[in-house]
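Have a look at the structure below, then the notes.
Positions are given from 1, in the same order as the sequence printed here. Below, each value reflects all heavy atoms present in this structure, side chains not excepted, and no hydrogens, waters or symmetry copies.
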Amino acid sequence: MKTNKYKVILSSNSPRRKELFAGLGIGFEVRVISGIDESYPPELPLSEVPLYIAKEKAAAYDIADGELVITADTVVIVGNEILGKPSGEDEARDMLRKLGGRTHEVTTGVCLTTCELQRSFAVTSEVTFKNLSDEEIDYYVRNYRPFDKAGAYGIQEWIGYIGVTSLRGSYFNVMGLPVQRIYEELRNTFGFGLGAE
């Protein structure tokens with residue numbers, strides 16, 4: 001059996017990211033540094049923000065020899081605005097009203113970093129929602145409390161079932177981690193093999 005030469009560290013407390021990465025069948029541990037500054041220069045194009053933040057997260061780690069740290073940041077962009085995580089019910093409702101009847105972009109920036117090398121990339125998916133009624137928005141916010149999700153929604157939850165009319169790009173990217181692209185980078189750049197621990 002091939003043994004991967006890197007110990008993988010996933011820098012995320014997100015249960016969705018943990019679940020998605022676990023689906024690749026590659027062993028990993030979670031290590032999160034709290035308090036990393038996630039601000040960004042105001043002149044930065046919105047589509048470049050998640051990759052900038054993912055790189056800032058990577059720079060906060062003291063990476064040991066033989067470790068590979070994965071950092072990521074996901075943003076929802078609608079019109080000319082980034083929708084982050086809502087602070088409460090009112091802001092979540094406002095965000096969902098902005099998304100209803102429109103197409104928005106979900107972009108995830110990812111950094112794969114070792115002592116010797118850093119590979120970074122961003123993946124964008126386009127999601128279109130039907131017009132969402134106030135009743136549907138209230139039901140979702142009240143029952144699912146999407147306050148830990150960019151744009152105040154999880155595509156894998158009820159609102160995605162009833163609201164998403166089309167998706168262009170990676171579904172898993174919209175959930176928060178473009179695992180197909182990460183898999184390709186691990187295989188092609190870092191020499192990971194199938195069935196390796």
> Would one find more than 12 heavy atoms of other residues, nucleotides or ligands at under 6.0 Å from atom CD of Glu135?
Replying inline: no

> Is there a chain of hydrophobic side chains (I, L, V, M, F, W, Y, each step under 4.5 Å between heavy atoms) that links Val127 to Phe172?
Replying inline: yes

> Step by step, would you call Gln180 with Asn173 a side-chain contact (heavy atoms from CB on, under 4.5 Å)?
Replying inline: CA-CA 9 Å; Gln180 188 276 332; Asn173 180 53; over 6 Å; no

> Looking at side-chain heavy atoms only, is the closest gap between Glu91 and Phe147 below 4.5 Å?
Replying inline: no

> Val123, Ile155: one ILVMFWY side-chain cluster at the under-4.5 Å cut-off?
Replying inline: yes

>> Less than 4.5 Å apart, side chain to side chain, heavy atoms only: is that true for Lys55 and Ser120?
In response: yes

>> So which atom in Ala152 and which in Leu96 form the shortest heavy-atom distance, rounded to 0.1 Å?
In response: O-CD2, 3.7 Å

> When rounded to the nearest 0.5 angstrom, what is the spacing between CG in Leu24 and CD1 in Ile182?
Replying inline: 7.0 Å

> Do the non-hydrogen side-chain atoms of Tyr40 and Ile82 ever get within less than 4.5 Å of each other?
Replying inline: yes

> Of all heavy-atom pairs between Gly151 and Leu99, which one has the smallest distance, and what is that distance?
Replying inline: O-CD1, 3.5 Å

> Just by distance, do the side chain of Thr124 and the backbone of Thr107 share a donor-acceptor pair under 3.5 Å?
Replying inline: no

>> Checking Asp65 now: which residues fulfil side chain to side chain contact (heavy atoms under 4.5 Å, CB included) with it, not counting sequence neighbours?
In response: Cys115, Glu116

>> With side-chain contact (heavy atoms from CB on, under 4.5 Å) as the criterion, how do Cys111 and Gln118 come out once you've worked through the C-alpha distance, each side chain's angles and the decisive distance to 0.1 Å?
In response: CA-CA 7 Å; Cys111 277; Gln118 182 176 83; 4.1 Å; yes

> For Arg31, does its backbone N or O pair with a side-chain atom of Tyr61 as donor and acceptor, under 3.5 Å?
Replying inline: yes

> Which of parallel (below 30°), tilted (30 to 60°) and perpendicular (above 60°) describes Phe190 and Tyr6?
Replying inline: perpendicular

>> If I take atom CG from residue Leu10 and atom OG from residue Ser12, how far apart are they, to the nearest 0.5 angstrom?
In response: 5.5 Å

>> Any side-chain to backbone donor/acceptor pair from Glu136 onto Leu132? Under 3.5 Å, distance only.
In response: no

> For Ile63, which of Leu68, Ile9, Val69 qualifies under side-chain contact (heavy atoms from CB on, under 4.5 Å)?
Replying inline: Val69

> So which heavy atom on Ser11 is nearest to which on Val32, and how close?
Replying inline: C-CG2, 4.2 Å

>> Atom CZ of residue position Phe21 - does it have more than 12 heavy atoms of other residues, nucleotides or ligands inside 6.0 Å?
In response: yes

>> Looking at Glu48 and Pro45, would you say the former's side chain and the latter's main chain have a donor-acceptor pair under 3.5 Å?
In response: no

> Can Arg181 be said to sit on top of Phe121's aromatic six-ring, NZ or CZ under 6.0 Å from centre and within 45° of the ring axis?
Replying inline: yes

> Parallel, tilted or perpendicular for Tyr140 and Trp158, by the 30°/60° rule?
Replying inline: parallel

> How long is the gap from CG on Leu20 to NZ on Lys18, to the nearest 0.5 Å?
Replying inline: 12.5 Å

> So, do Thr189 and Leu112 sit near enough that their side-chain heavy atoms are less than 4.5 Å apart?
Replying inline: no

>> With a 4.5 Å cut-off on side-chain heavy-atom distances among I, L, V, M, F, W and Y, is there a chain of contacts connecting Val110 to Leu44?
In response: no

>> Donor-acceptor pair, distance only, cut-off 3.5 Å: does the side chain of Arg93 make one with the backbone of Ile137?
In response: no

> Do Thr165 side-chain atoms and Thr128 backbone N/O form a donor-acceptor pair below 3.5 Å?
Replying inline: yes

> Minimum heavy-atom separation for Arg17 to Leu177, with atom names?
Replying inline: O-CD2, 3.8 Å

> Can you name the nearest heavy-atom pair linking Arg187 to Phe192, along with the distance?
Replying inline: CD-O, 3.3 Å

> In Å and rounded to the nearest 0.5 Å, what is the OH to OG distance from Tyr52 to Ser47?
Replying inline: 15.0 Å

> Taking everything shown except Lys85 itself, do over 12 heavy atoms lie less than 6.0 Å from its NZ?
Replying inline: no

> How about Arg97: does its CZ atom have over 12 heavy atoms from other parts shown lying under 6.0 Å from it?
Replying inline: yes

> Looking only at heavy atoms, which two atoms of Gly154 and Ile159 are closest? And how far apart?
Replying inline: O-CG2, 3.8 Å

> When rounded to the nearest 0.5 angstrom, what distance separates NZ in Lys98 from NE2 in His104?
Replying inline: 13.0 Å

>> Same cluster or not: Val49 versus Ile36, using hydrophobic residues (I, L, V, M, F, W, Y) connected whenever any side-chain heavy atoms lie under 4.5 Å apart?
In response: no

>> For the OH atom of Tyr153 and the CE atom of Met95, what is their distance to the nearest 0.5 Å?
In response: 12.0 Å

> Does the side chain of Thr108 reach to within under 4.5 Å of the side chain of Pro50, using non-hydrogen atoms?
Replying inline: no

> Among the clusters formed by ILVMFWY side chains lying less than 4.5 Å apart, do Met175 and Val75 turn up in the same one?
Replying inline: no

